Amino acid sequence: MIFRHATDRVALTASNWIHTGVLVLNASYEALDEIGADRAVVLVTSGAAESIADHEPYFPIRSKDLEIALPETIRLLRYVYIEHTVLVHDESRATLAGVLRRDNHRCGYCANWARTVDHIRPRSRGGPNTWSNLVACCAPCNSAKADRTPEEAGMRLLWQPKAPDHLAKRQRRVWKQLATT
Ligand SMILES: [Zn+2]
């Protein structure tokens with residue numbers, strides 16, 4: 001997955017920093033979600049959250065009377081109860097944009113540039129819009145596969161689509177940081 005973080009490496013400017021994703025941890029240090037940096041800054045400046053890791057390199061956010069570093073990870077100061085059903089898993093609902101981002105726009109059948117997604121089990125046979133049933137797919141593969149399963153079409157998936165695990169990866173990093181401080 002060479003391209004995964006390509007968009008994170010864009011140099012920050014006064015106009016694009018709000019598109020940075022900031023990881024939000026519960027008061028218990030469990031990863032909850034990724035939110036826009038503008039919302040994260042509001043949580044920090046209002047005292048609802050603290051920054052536990054700043055964005056690198058340092059990027060200042062200035063308002064009338066204070067300057068804070070753009071955070072990379074924040075922690076809510078009050079525990080928020082989250083039902084497990086909202087957490088992302090293989091059978092939860094995925095969006096077209098989310099699937100393309102997860103697969104870095106690589107077609108799941110030939111690895112070429114993809115701008116659409118394929119229902120692995122076709123929609124006409126009740127294939128759901130879930131992380132495990134959707135894969136990025138280029139136009140030629142999409143029309144070759146048509147209304148069939150990969151087996152019926154004689155096509156093979158290059159990987160098994162799953163829920164994106166970027167939160168899980170970052171969560172492991174948080175546990176590791178905590179263990180060494
Ligand atoms: Zn393809």
Side-chain angles (χ1 to χ4, degrees), residues 1-13 15-25 30-40 53 55-57 59 70-74 82-176:
M1 290 288 161
I2 306 155
F3 304 95
R4 173 145 289 178
H5 292 296
T7 52
D8 295 341
R9 296 288 169 255
V10 174
L12 292 181
T13 67
S15 57
N16 74 6
W17 68 269
I18 56 167
H19 302 304
T20 311
V22 174
L23 180 68
V24 183
L25 306 180
E30 267 150 342
L32 289 177
D33 202 358
E34 227 170 21
I35 62 171
D38 51 340
R39 282 179 62 206
H55 185 274
E56 282 179 35
F59 187 82
L70 175 63
E72 191 222 39
T73 304
I74 64 170
I82 304 283
E83 283 194 61
H84 280 286
T85 49
V86 306
L87 296 175
V88 171
H89 54 86
D90 291 353
E91 304 316 319
S92 61
R93 217 180 143 78
T95 61
L96 176 92
V99 169
L100 289 175
R101 195 159 11 145
R102 178 197 65 188
D103 298 341
N104 299 303
H105 283 267
R106 299 292 124 184
C107 173
Y109 300 99
C110 74
N112 279 336
W113 178 259
R115 56 176 76 237
T116 61
V117 302
D118 171 53
H119 285 77
I120 298 165
R121 177 151 62 94
R123 225 174 347 187
S124 58
R125 316 237 199 113
N129 293 320
T130 55
W131 291 105
S132 59
N133 194 52
L134 293 174
V135 71
C137 190
C138 71
C141 287
N142 223 332
S143 56
K145 181 172 174 283
D147 233 10
R148 299 176 291 178
T149 65
E151 295 75 34
E152 289 165 355
M155 295 165 76
R156 260 188 55 194
L157 279 166
L158 300 174
W159 61 84
Q160 208 46 55
K162 288 193 265 207
D165 64 348
H166 62 283
L167 280 186
K169 263 188 214 147
R170 296 183 72 173
Q171 173 80 80
R172 283 197 291 276
R173 223 163 67 203
V174 169
W175 294 135
K176 224 159 115 188

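Predicted model only: the values in this text are computed from it and were never measured. Order of appearance sets the numbers: ligands from 1, and atoms from 1 within every ligand.
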Test side chain to side chain contact (heavy atoms under 4.5 Å, CB included) applied to Tyr109 and Lys145, step by step: CA-CA 10 Å; Tyr109 300 99; Lys145 181 172 174 283; 3.3 Å; yes
Asn16 (side chain) donor-acceptor with Thr13 (main chain) under 3.5 angstrom: yes
Short side-chain donor-acceptor distance under 3.5 Å, His19 and Asp38: no
Within-2.8 Å protein N/O/S contacts of the Zn ion (ligand 1): Cys107 SG, Cys110 SG, Cys138 SG, Cys141 SG
Ring geometry between Trp17 and Phe59 (parallel below 30°, tilted from 30 to 60°, perpendicular above 60°): tilted
Side-chain heavy atoms of Leu23 within contact of Ile74, under 4.5 Å: no
Shortest non-hydrogen contact from Ile120 toward Pro150: O-CD, 3.5 Å
